[in-house]
Enquirer: 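Have a look at the structure that comes next, please.
Order of the sequence lines sets the chain letters (A, B, ...), proteins ahead of strands, with each chain counted from 1. None of the values given here were measured: they were computed from a predicted structure. Because only heavy atoms are used, hydrogens play no part in the values below, and waters and symmetry mates are left out as well, while side chains stay in.
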2 protein chains.
Amino acid sequence: MGAAETSGRERFDLGDFLLESGEVLQGAFLIYRTLGRLSPARDNCILLPSYYSGTDASYDRIIGPGRALDPARYFIVLTNMFGNGVSASPSTLTNSCAGAGFPKVTIRDTAAAQHRLLSERFGISKLKLATGWSMGAMQSLHMAALYPDFVERVLAVCGNAKCWPLNQAFLEGGSAALRADATYEGGCYSAPPETGLRAFGRVYAGWAYSAEFFRERLYEGLGYADLEAFLKGWEDDHLEHDANDLLAVLHAWRHADAGKALADITARTVLMPCDTDTYFTVRETELEAAEIGHAEVKVLHSPYGHCAGAPGRFDTEAREVEAEMLRILAD
Amino acid sequence: MGAAETSGRERFDLGDFLLESGEVLQGAFLIYRTLGRLSPARDNCILLPSYYSGTDASYDRIIGPGRALDPARYFIVLTNMFGNGVSASPSTLTNSCAGAGFPKVTIRDTAAAQHRLLSERFGISKLKLATGWSMGAMQSLHMAALYPDFVERVLAVCGNAKCWPLNQAFLEGGSAALRADATYEGGCYSAPPETGLRAFGRVYAGWAYSAEFFRERLYEGLGYADLEAFLKGWEDDHLEHDANDLLAVLHAWRHADAGKALADITARTVLMPCDTDTYFTVRETELEAAEIGHAEVKVLHSPYGHCAGAPGRFDTEAREVEAEMLRILAD
């Protein structure tokens with residue numbers, strides 16, 4: 001990660017943080033970054049929680065002057081979720097919660113920590129918007145469900161409040177592939193389990209896009225010459241991650257479930273699934289919209305599958321998401 | 001495999017069999033089974049090639065008196081494809097082609113061997129029907145494409161003549177998961193790579209059905225109490241297979257491509273994809289139908305994904321396939 005991306009990062013210590021499971025995350029902390037200035041009324045805050053294998057830096061390309069996410073107008077808080085290798089994670093802790101000792105953390109836990117960060121450090125009592133892609137959307141929906149008075153608007157891009165069962169099955173496959181590498185040693189590895197990380201990336205790659213993406217060689221637009229280069233690219237990306245971190249966040253994703261709290265959401269809520277997303281499906285997004293009651297579903301029509309919503313990755317889709325963001329922020 | 005299933009199996013030796021790749025499959029043989037009697041005009045033969053992880057026994061439950069596949073009317077030939085652990089395979093050969101020495105065999109190779117079996121041993125010059133599910137469909141389409149005069153009708157259930165790129169990506173994931181187990185040792189294992197086989201099964205399981213299948217707990221109808229039991233069931237199923245066999249057949253699937261020969265098909269052709277099949281997609285089946293020109297596409301609407309077409313597994317879907325078979329056999 002370049003200096004530009006990490007500059008401005010700040011730390012919020014949570015001490016020994018009681019988790020939903022009853023376990024304690026010792027020496028818990030969130031690393032976050034802010035852009036823009038909090039208004040005197042503290043009513044211009046937008047939260048963007050990190051997505052799987054992402055960090056606070058992952059949204060940078062959709063933030064800027066004249067954009068929906070304009071630091072001249074909004075106080076933008078970019079958080080790193082527990083386990084992502086930046087905030088308290090298997091790879092960043094040095095106490096008994098490090099490595100294989102990292103407890104089972106959920107999205108509820110991360111939401112609780114983010115709520116404390118925003119309210120205790122910044123005195124914020126209401127977010128203008130909670131948004132994000134994928135697990136970023138999952139976290140924003142959890143914020144709105146668990147702290148209904150705290151969230152005014154939600155824009156959830158390719159992400160649900162619950163990990164539906166097919167999504168669970170998908171994650172189980174990747175996890176099994178990583179753990180099939182005996183050098184993972186139940187998380188007590190001395191060197192990265194490279195073969196397992198590569199297998200994880202290769203399994204994941206098949207799910208992340210759509211049949212059309214592969215058929216029409218749309219990976220060429222991402223700089224890959226052929227399917228094998230694309231799959232190798234996904235393998236390589238996962239070598240940059242710590243295996244325990246990946247599995248810690250995967251656990252949070254796998255067990256995500258805002259449950260009945262979904263009906264408590266008062267925020268204006270827009271859900272943007274992609275019609276070719278293989279694991280955050282349109283149908284299951286519609287089912288959640290029905291549970292929320294007043295949520296709107298705006299389907300992204302795109303061949304990019306789950307990745308259609310990746311911040312700024314694809315122009316047409318990014319414009320559609322940004323237009324939606326502008327629309328709901330204007331109300 | 002019980003005695004009932006293997007009784008009646010016969011062997012067709014192909015000697016040193018020249019493969020499409022230029023390699024030779026030494027001591028090649030097909031194991032097959034026949035039901036019914038070949039008519040004097042030799043015009044009542046139906047071919048059912050085995051599917052992935054299946055054998056000649058896998059179609060038994062859709063064959064019987066009064067059924068579309070009635071041995072009183074038809075001479076039914078059930079073949080085991082190369083690599084499936086019954087015909088010449090890594091696990092069944094004892095020469096230098098055994099185990100990790102098994103050459104890269106394609107569906108064209110298996111089709112050529114089946115063509116020899118049918119013409120040389122039985123003097124058949126035209127099949128009444130070539131059908132099958134999944135890789136069985138792939139083989140039947142290859143027979144019709146490569147030997148157009150040889151095949152009168154094709155009914156391809158949830159299978160294409162080509163492994164389209166998303167399908168390839170799916171297979172790459174499972175393969176990587178198996179090989180992530182170091183005890184696989186590049187195919188030179190002394191004991192089965194159990195962890196890898198389990199990971200393979202777990203990766204595969206997420207693809208085989210649909211979001212609705214998982215969401216509505218339709219696995220309960222298959223005897224699994226919950227998602228984890230279902231995933232474990234898929235793991236266990238794969239422990240029964242030899243790893244090299246699985247990867248040999250996976251190679252054939254992964255590289256399947258009838259190519260331009262598709263346009264040579266003269267057989268009356270019906271393609272039955274399932275609308276929730278994640279890797280043999282409706283769209284790609286339609287593209288192949290267009291290449292064939294005169295093929296009909298009859299979509300199975302089912303929550304069972306790729307497995308909707310599994311012979312006799314699901315009543316409604318099985319009835320639909322059988323009705324289609326009766327319809328085209330009647331012409």
Enquirer: Give the minimum heavy-atom separation between B:Ala177 and A:Ala180, together with the two atoms involved.
Expert: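 Closest approach of B:Ala177 to A:Ala180, heavy atoms only: O-CB, 3.7 Å.
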Enquirer: List, with distances to 0.1 Å, the donor-acceptor pairs found between chain A and chain B - the cut-off being under 3.5 Å and no angle criterion applied.
Expert:
unit_1, atom_1, unit_2, atom_2, d
A:Glu172, OE1, B:Arg202, NH1, 2.6
A:Arg202, NH1, B:Glu172, OE1, 2.6
A:Arg215, NH1, B:Glu284, OE2, 2.9
A:Glu284, OE2, B:Arg215, NH1, 2.9

Enquirer: In terms of heavy-atom pairs under 4.5 Å with chain A, which of B:Ala205, B:Pro193, B:Gly174, B:Gly173 leads?
Expert: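 Most pairs with chain A among the choices: B:Gly173.
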Enquirer: So for A:Ala211, is it side chain, backbone, both, or neither that comes closer than 4.5 Å to the heavy atoms of chain B?
Expert: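 Looking at A:Ala211, backbone and side chain both touch chain B.
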Enquirer: Which one, B:Ala182, B:Gly201, B:Ala176, B:Gly196, leads in non-hydrogen pairs under 4.5 Å with chain A?
Expert: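 It is B:Ala176.
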Enquirer: Side chain, backbone, both or neither: which part of B:Leu171 has a non-hydrogen atom closer than 4.5 Å to chain A?
Expert: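 Interface part for B:Leu171: neither.
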Enquirer: Which pair of heavy atoms, one from B:Leu231 and one from A:Ala169, lies closest together, and at what distance?
Expert: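 It is CD2-CB, 4.4 Å.
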